[in-house]
Novice: 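This is the structure I have questions about; it appears just below.
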Amino acid sequence: IARHGNFRRAAVERGVSPSTLSQTLRDLEARLGVRLLNRTTRSVALTDAGAALLKSLQPALGQIAAAVDEVRAVQDAPSGPLRINAPEPAVELVLAPLVAAFLAAYPAVRLEVISETGFVDIVAKGFDAGVRWEESLAQDMVAAPLGPPQRYVVVATPEAIARHGAPAHPGDLASRPCLHVRFPSGAQPPWEFERKGEVVRIAPQGPLLTTSPSLLMRAALDGVGFLQTFDGAAAPHLASGRLVEVLRAWSEPFPGPRLYYPSRRHPPSALRAFVDFIQARRRDEGW
């Protein structure tokens with residue numbers, strides 16, 4: 001509770017309800033005959049007595065933690081639930097190809113993946129880990145690369161390019177029909193381009209605005225207009241020739257999504273196994 005400064009987050013880590021944790025603390029204070037925490041509706045803070053007790057106990061707690069780590073290290077097989085929150089593009093392009101191999105390696109793990117575009121507090125929502133791109137990560141989280149670098153690509157059908165002309169510069173898209181995503185929050189992110197340190201952002205305009213990535217891709221394949229999407233999503237259609245990439249010189253790679261999780265000493269065995277799994281895959285595939 002002292003580390004989180006919050007009963008709810010501490011309860012999530014301990015796997016109990018906030019009311020149970022609060023009662024446990026009241027029982028401890030009653031046995032000791034001293035108040036350890038000051039509580040208000042907005043905050044939780046150690047009293048002087050609580051801070052002194054915690055400081056004195058920390059060496060012993062560290063020894064207990066080390067002993068528990070040794071026991072967990074010899075556990076036969078990771079097991080239990082693993083709850084991950086991730087945006088749909090990361091689920092489709094990065095997590096989905098990992099699932100079968102991971103569950104085959106760790107059959108006692110129960111994987112739950114929740115797809116959400118908006119950023120969530122994974123601790124408060126009871127997730128073991130989340131997946132986001134680097135600019136969205138909280139500073140107090142441990143983060144590990146989940147996949148190789150990615151690119152945003154602008155694509156259209158050969159017929160659409162012949163009809164509207166291939167843009168030579170990102171600014172040329174202002175006069176082209178663009179297919180644009182809107183997040184559930186209402187945000188409409190600009191299209192961003194970079195070449196040799198020069199960054200260009202445009203607000204695309206066009207006949208279709210939607211929260212559905214699959215609808216955007218279908219519209220692009222049907223020749224409705226130009227679409228900016230992840231290279232992994234466009235790859236099979238580029239390979240088949242149904243779509244053609246434009247403005248490739250303005251599409252520089254950026255780091256792929258990262259798995260992030262709280263920096264606690266004792267992550268669940270299923271989470272430890274998944275982190276080890278993606279690190280081994282990173283070594284094997286060389287990204």
Side-chain angles (χ1 to χ4, degrees), residues 1-25 28 60-132 136-138 140-147 256-285:
I1 298 167
R3 176 158 45 83
H4 284 291
N6 182 284
F7 271 91
R8 183 179 61 180
R9 289 195 292 269
V12 169
E13 180 173 326
R14 299 304 305 153
V16 299
S17 69
S19 59
T20 297
L21 190 60
S22 180
Q23 184 60 53
T24 301
L25 181 66
L28 176 60
L61 294 173
Q63 292 176 348
I64 293 171
V68 171
D69 284 342
E70 289 181 11
V71 172
R72 285 178 167 171
V74 298
Q75 180 180 353
D76 289 338
S79 61
L82 173 58
R83 302 188 70 233
I84 298 177
N85 183 284
E88 183 58 34
V91 173
E92 178 184 352
L93 300 176
V94 182
L95 282 178
L98 303 177
V99 167
F102 174 70
L103 292 179
Y106 301 100
V109 172
R110 300 188 309 278
L111 180 62
E112 179 181 348
V113 178
I114 303 300
S115 174
E116 288 187 83
T117 300
F119 188 79
V120 300
D121 184 337
I122 59 171
V123 175
K125 293 293 184 70
F127 290 99
D128 297 298
V131 178
R132 290 298 185 275
S136 300
L137 296 180
D140 58 346
M141 294 286 174
V142 178
L146 193 57
R258 291 173 174 262
L259 182 81
Y260 69 97
Y261 50 94
S263 54
R264 54 196 180 197
R265 286 183 56 88
H266 309 302
S269 63
L271 176 58
R272 291 202 320 275
F274 189 67
V275 172
D276 292 343
F277 176 83
I278 62 174
Q279 288 177 341
R281 194 165 183 121
R282 181 185 186 186
R283 290 192 298 269
D284 292 343
E285 297 181 359

Novice: For the atom pair CZ (R83) and NZ (K125), what is the distance rounded to the nearest 0.5 Å?
Specialist: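 Rounded to the nearest 0.5 Å, the CZ-NZ separation comes out at 10.0 Å.
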Novice: State, yes or no, whether a side-chain contact exists between I84 and I114 at a heavy-atom distance under 4.5 Å.
Specialist: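 No, their side chains stay 4.5 Å or more apart.
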Novice: Do V123 and Y261 come within less than 4.5 Å of each other through their side chains, counting heavy atoms only?
Specialist: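 No. Closest side-chain heavy atoms not under 4.5 Å.
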Novice: Between R258 and A144 (side chain of the first, backbone of the second, donor and acceptor by atom type, cut-off under 3.5 Å), is there such a pair?
Specialist: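 Not at all, since once roles are kept as given, no pair shorter than 3.5 Å links the two residues.
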Novice: State which residue, out of I122, N85, L259, fulfils the side chain to side chain contact (heavy atoms under 4.5 Å, CB included) condition with R132.
Specialist: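 Of I122, N85, L259, side chain to side chain contact (heavy atoms under 4.5 Å, CB included) with R132 is met by N85 alone.
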Novice: Does S79 reach the main-chain N or O of A108 with its side chain, forming a donor-acceptor pair under 3.5 Å?
Specialist: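 Answer holds: no.
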Novice: Please name the pair of heavy atoms, one in V131 and one in P87, separated by the smallest distance, quoted to 0.1 Å.
Specialist: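 That closest heavy-atom pairing would be O-CD, 3.0 Å.
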Novice: Quick one about S19 and S22 (side-chain donor to acceptor, distance below 3.5 Å, no hydrogens or angles considered), yes or no?
Specialist: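 The answer is no; no qualifying pair exists.
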Novice: If you measure from CZ on F274 to CG on L146, what distance do you get to the nearest 0.5 Å?
Specialist: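 It comes to 5.5 Å.
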Novice: Nearest 0.5 Å please: distance from the CG atom of L21 over to the CZ atom of R8.
Specialist: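 Interatomic distance, L21 CG to R8 CZ, rounded to 0.5 Å: 13.5 Å.
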Novice: Say you draw a straight line from CZ of F277 to CZ of R282; how long is it, rounded to the nearest 0.5 Å?
Specialist: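 It is 15.0 Å, given to the nearest 0.5 Å.
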Novice: Is the shortest side-chain heavy-atom distance between F102 and V109 below 4.5 Å?
Specialist: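 In contact.
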Novice: Taking side chain to side chain contact (heavy atoms under 4.5 Å, CB included) as the criterion, tell me which of R281, Q279, E285 meets it with R283.
Specialist: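 Per the side chain to side chain contact (heavy atoms under 4.5 Å, CB included) rule, the option paired with R283 is Q279, out of R281, Q279, E285.
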Novice: Is the shortest side-chain heavy-atom distance between M141 and P262 below 4.5 Å?
Specialist: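 Counting from C-beta outward, M141 and P262 do come under 4.5 Å.
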Novice: Does T20 use its side chain to pair, donor to acceptor, with the backbone of V16 at less than 3.5 Å?
Specialist: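 Not a single qualifying donor-acceptor pair exists.
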Novice: Got a second to check how far I1's CD1 is from L25's CG, nearest 0.5 Å?
Specialist: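 The distance works out to 5.0 Å.
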